[in-house]
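Scroll down for the structure; my scribbles are underneath it.
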Amino acid sequence: MHILVTNDDGVQAPGLLALAQELQTLGKVTVFAPDRNWSASGHVKTLDRPLRVREVLLADNTPAYSCDGAPSDCVALPLMGFVEEKIDVVVAGINPNANIGHDVTYSGTVTAAMEAVITGCIPGIAVSLDAPEYHSGPLDYSTAARVARKLTAKVLADDLPAGVLLNVNVPYLTEEQFKGIMVTRQGLRVYLDKLERRVDPRGRPYYWIGGEAPTGILEEGTDFGALKAGYVSITPLHLDLTAREAMEVMKKWEWK
Ligand code: MN
């Protein structure tokens with residue numbers, strides 16, 4: 001088994017190290033990740049500049065590739081031939097913060113998993129930890145890493161339908177504390193963003209998106225609902241965003 005590990009926080013992020021170490025127990029792992037933090041960069045394809053790749057070592061001396069492209073570029077390059085050996089699955093993470101509801105459109109972690117489906121026609125798994133908002137000091141990624149290993153083994157052994165990626169969110173609890181694993185649907189994020197207008201030292205205004213951390217609608221069966229109830233949430237996603245109900249309405253429109 002050959003697993004490509006990436007993330008959106010940068011190749012030296014501790015969440016990636018925890019994930020790579022755990023997945024090495026399943027098979028061969030190739031690490032290919034961005035050289036800096038691309039959180040909330042969305043789905044990117046870099047076309048107007050060259051992409052550079054450097055060989056680096058992770059903190060435990062695991063060899064890795066560091067690239068100046070976006071997370072989705074870091075999946076596309078290996079799948080398009082940079083890595084010659086066949087890749088079976090892409091696992092992205094472990095992101096320190098949850099990716100639920102509309103977050104999936106912003107998240108570099110989730111869009112890296114989307115790229116696995118698009119460029120490689122292979123499954124992608126995005127793994128995020130719901131770390132407390134004002135946590136200081138190093139985070140404990142061990143529970144999320146073990147969940148990622150179990151799930152990756154399942155995906156490799158069972159037949160997930162083609163074109164599907166998994167968005168996984170793990171509560172910040174020990175394995176004994178969390179209640180189990182729940183297959184969920186995408187819920188609704190509630191963003192509390194506030195636009196801050198400030199003035200720079202030259203007297204010119206600039207703008208900064210601030211505000212409180214997002215929350216969500218607590219609804220049973222959703223990613224947010226499961227996570228807040230202490231469950232690992234796994235949401236299968238596909239990339240067909242068609243609003244089918246709207247199609248039915250629009251087919252009745254008259255186009256004179
Ligand atoms: Mn991130």
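For ligands, and for the atoms within them, numbers begin at 1 and follow the listed sequence.
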Query - Co-members of the apolar cluster containing Met182 [side chain, <4.5 Å] - result: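 When side chains under 4.5 Å apart are linked, the cluster holding Met182 also contains Tyr231.
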- Task: Could you work out the complete set of other residues in the hydrophobic cluster of Met80, with links drawn between I, L, V, M, F, W and Y side chains under 4.5 Å apart?
- Result: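 Other cluster members: none.
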Practice item. Verify the distance criterion only: is there a donor paired with an acceptor across the side chains of Asp60 and Gln21 at less than 3.5 Å? Key: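 The answer is yes; a qualifying pair exists.
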Establish, from distance only, whether the side-chain atoms of Gln177 and Thr174 form a donor-acceptor pair under 3.5 Å.
->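 Gln177 vs Thr174: donor-acceptor pair found between side chains.
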Anything protein N/O/S under 2.8 Å from the Mn ion (ligand 1)? Just list residue and atom, please.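 The answer is Asp8 OD1, Asp9 OD1, Ser39 OG, Asn95 OD1.
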Mind jotting down which residue pairs meet the side-chain hydrogen bond (donor to acceptor under 3.5 Å, both in side chains) criterion with at least one end in residues 152-170? Sequence neighbours excluded, please.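 Of all non-adjacent pairs touching residues 152-170, none passes side-chain hydrogen bond (donor to acceptor under 3.5 Å, both in side chains).
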Review point. Does any non-hydrogen side-chain atom of Ile181 lie less than 4.5 Å from one of Ile234?
Key: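 A side-chain contact under 4.5 Å exists here.
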